[in-house]
Amino acid sequence: MLKRLEIVGFKSFARKTVLDFSSATTAIVGPNGSGKSNVAEAFRFALGEQSMKSMRGKRAEDLIWGGSHSVPRASRAAVVIVFDNLSARGSRPFKIDFDEVAIERAVFRDGTSEYSINGSRVRLRDVVELLAGANIGETGHHIISQGEADRILLASPRDRRAMLEDALGLQIYEFKKHEAAKKLEKTEENIAQVNALRRELTPHVRFLESQVKKLERADALRTELIDLARTYFAIEDVYITQEQLKIVEEKRATEERLVVVSTELEQIADPKSADRGTVQRTEALRKAEHEVYELSGMRTALSREIGRIEGALAEVQRRASVVVSEPYAKVPREELEALHTEVETQIKILAGGSIEALRAALTAIHTAIKIFFTRHSMPHDEYLSDEEDAAHKLEREHITLIEKYTAVSVRLEKAETARARSREDMIALEETSREIRRRILDVAQAKAHEEGERTKAEAREFELTLLVEALERDKQEVVVLGGTEAMAYVALPAAPHEERKMQEDRHRTLERLKIRLEEAGGTGEDIRREHKEVSEREAFLTTELNDLAKSAAGLGALIRDLDTELAKHFSEGLEKVNTSFGEYFALMFGGGSARLALEELETDEEEAEDCEKLNNVPQEEQRPGIEIAVNLPKKKVRSLMQLSGGERALTSIALIFAMSQVNPPPFLILDETDAALDEANSHRYGDMIKNLAKKSQLIVITHNRETMSRTNILYGVTMGGDGVSKLLSVKFDEAIVVAK
Ligand code: ATP
């Protein structure tokens, strides 16, 4: 399976050197200091050894050909190990799909290393994993360096356990475990992170939830508001329209009535027409009264004059009677006819006259008769003649006065009649104006009533304007709070038959709903969106957390499974190694016994508990290391330290061989492991090598003849004056020579 080793610039191998390992056993021989161990170290180097010490160096430079007087130093050291990746059974020891696997490592003077597998650059980790899969572990138990045969004896129980696990091929479990543990750690970190995120989110989510609940309550309120608002608006619209029409009609009717009463009032209450009638009538009355007064005065004066004239006449007549003796006298006809005419005239006046006029007429008749008689009874003498003249004069005067008196009486009578009419007129007028005043009062009252109606209608009109404004405001506010859907209501043909109080109640409820909605605040679209986002985020985190927890649990389970498997394989392997170890030991020492045992642990309870908490993964530190117990034949040895160098070499060879036997590594390099053996033991060692070579390829670096004799291929390493190691294939006899 190990095919070839190619070395360039590594340590003393300045030039490219190729070692072919086509046989089960290969011996490398040569004088001291020729570069044999450098070959073993080339293996370590190529397999990814990180310890400079185990390659006998301090810095990377120490691994690179340092140059000599004739060969200049190299800039890099490179080693390639070539494996055959086709086993006899057709399976691939290395888990890659190539028939040949070339693992190469190069180091530069600056200390950097480069790894490649089949020419492709890879990480050290890839190399280590690939090797572990093929049972070539990191602990290098299969490369036993010079003087390190008893390394396993000197190692700590823990390191010993690692070597044993490595030899048992359990490293792959360790790798898997390590990987799972790393993943688990990462997962735990993620869980912590996600938890932190969730913790951060939780109060916000709770807050948003409560907000959304509030919003849902607000939604219910909004629906209520919209329903109520639609009813309210529909009724209010039709109510206002109806009321407005009513008011218009009322106002029109009131105005009409007002025009009627106003016109009437204007007419009846016109001060000019009323005054004119009164003044005219008052003037007429005054005139009539004045006339009566004047005429009365005139008549009184006439009456007094008539009295005086009649007195004078009586005096004249008395004097005449004394003189006159003749009882008869001749009377001219014309005088008699004149008397007759006078009497008839007065009688005519009498007809239809007043008492005053009657009296005046009678007086006139009396006077006419008296004058007639006086005249015709008087003696016709001088004296009588004078007396007669005076009497005539008086009689004429008397007649004239009587006529005047009669005329004045007639006028007075007329004037009195006119006055009486005027007075009646005045009374009638007063009656009429009293009625008018009453009517004015009525009409004015009616007008005032209509004006009151008009004011009322105007007030109502104003009230309706306020209602319209309030409704407009309500609509706007409801739209702001409840959206435009509040306006999607069907107009009513007529206001419902209900009391106005119902609408007022609705309005009050509407106001309350508005206030509550305002308190709830906005439609909350932002809050809802945020709540949705945050909830989704929380749900996402929860899912992620579940996934992580699942994967953590899975990893924990995997680790436990790996541990179980590891423990199982380990204890099984340990048993097998122990059996083999006992046999090899007895063979080497010609008796006695040896076995590996798990050390007893002083467990730190607290620490153990802490570790258990982490997904029940037991910690590496807890696992017991390996102790070696030996029982030499015929000797009482308790401690390994008490063994001789040869005994230590034998014990460790027995153990190495036992481990290799149970789980054979692909190859085993033994660098002068046989150095301390005496002849008899060299022989036994040789036997064991032969036996071991059946399972693993062996490369032995040796000076031992016996060992050389058991190998198939022999390489001789020499170093010339240029300090460069040279390799040559040699025969056994030559090898003996070369080895010296
Ligand atoms: P022995 O039989 O005594 O164990 P050996 O054959 O195993 O000897 P090595 O130890 O492999 O010899 O080789 C040591 C030689 O390699 C020394 O001569 C040393 O000078 C040489 N050497 C080591 N490192 C370098 C280097 N970087 N450059 C050149 N030569 C080196």
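Just follow the structure's listing: the first ligand is 1, and inside any ligand the first atom is 1. Keep in mind the model is a prediction, meaning the values are calculated, not measured.
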Practice item. Test Phe13 against Phe45 for ring-ring contact (aromatic ring centres under 6.0 Å, His included), laying out the working first. Key: CA-CA 13 Å; Phe13 289 92; Phe45 172 75; over 10 Å; no
Suppose we measure from [atom] to each protein heavy atom; which comes out shortest, and what is that distance?
atom                    : value
atom 6 (O) of ligand 1  : Lys36 NZ, 2.8 Å
atom 23 (C) of ligand 1 : Asn38 ND2, 4.1 Å
atom 27 (N) of ligand 1 : Ile64 O, 3.0 Å
atom 17 (C) of ligand 1 : Gly33 O, 3.8 Å
atom 3 (O) of ligand 1  : Asn32 ND2, 2.7 Å
atom 10 (O) of ligand 1 : Arg56 NH1, 3.1 Å
atom 22 (N) of ligand 1 : Ser12 CB, 4.0 Å
atom 28 (N) of ligand 1 : Gly66 N, 3.0 Å

Reported [atom1]-to-[atom2] distance for the pair [X] and [Y], which is rounded to 0.5 angstrom:
X      : Y      : atom1 : atom2 : answer
Phe657 : Leu650 : CZ    : CG    : 10.5 Å
Arg161 : Phe570 : CZ    : CZ    : 4.0 Å
Thr707 : Asp674 : OG1   : CG    : 3.5 Å

Centroid-centroid distance, Phe667 to Phe43, less than 6.0 Å:
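Ring centroids of Phe667 and Phe43 are less than 6.0 Å from each other.
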Would a distance-only check, ignoring hydrogens and angles, find a side-chain to backbone donor-acceptor pair under 3.5 Å from Arg92 to Asn85?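 Yes.
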Query raised in the report: Do Ser725 side-chain atoms and Met719 backbone N/O form a donor-acceptor pair below 3.5 Å?
Result: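 Answer holds: no.
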Considering only protein heavy atoms, determine whether one is less than 4.0 Å from atom 19 (C) of ligand 1.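 So far as the 4.0 Å threshold goes, atom 19 (C) of ligand 1 is out of reach of every protein heavy atom.
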Region of [X] that comes within reach of ligand 1 [heavy atoms, distance under 4.0 Å]:
X      : result
Val39  : neither
Ile701 : neither
Glu41  : neither

Can you classify the ring geometry of Phe585 versus Phe589 as parallel (below 30°), tilted (30 to 60°) or perpendicular (above 60°)?
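The arrangement is tilted - the two ring planes meet at 30° to 60°.
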Q) What orientation do Phe94 and Phe83 show, parallel under 30°, tilted 30 to 60°, or perpendicular over 60°? A)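 Taking Phe83 first and then Phe94, their aromatic rings sit tilted (interplane angle of 30° to 60°).
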Under 4.0 Å from a heavy atom of [X]: give me the atoms of ligand 1 that qualify, with their elements.
X      : result
Glu672 : 2 (O), 4 (O)
Ser34  : 5 (P), 6 (O), 12 (O)
Pro31  : 2 (O), 6 (O)
Gln146 : 4 (O)

Got a salt bridge between [X] and [Y], using NZ or NE/NH1/NH2 to carboxylate O under 4.0 Å?
X      : Y      : answer
Asp126 : Arg123 : yes
Glu572 : Lys576 : no
Arg44  : Glu41  : no

* May I ask you to check if ligand 1 and His703 share an N or O to N or O distance below 3.5 Å? =>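 By distance alone, the answer is yes.
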Looking at ligand 1, is there an atom of it that comes within less than 4.0 Å of some heavy atom belonging to Gly35?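 For ligand 1, residue contact (heavy atoms, under 4.0 Å) with Gly35 is present.
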Fill in: Contact with ligand 1 for Ser725, non-hydrogen, under 4.0 angstrom
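Ser725: no contact with ligand 1 (<4.0 Å).
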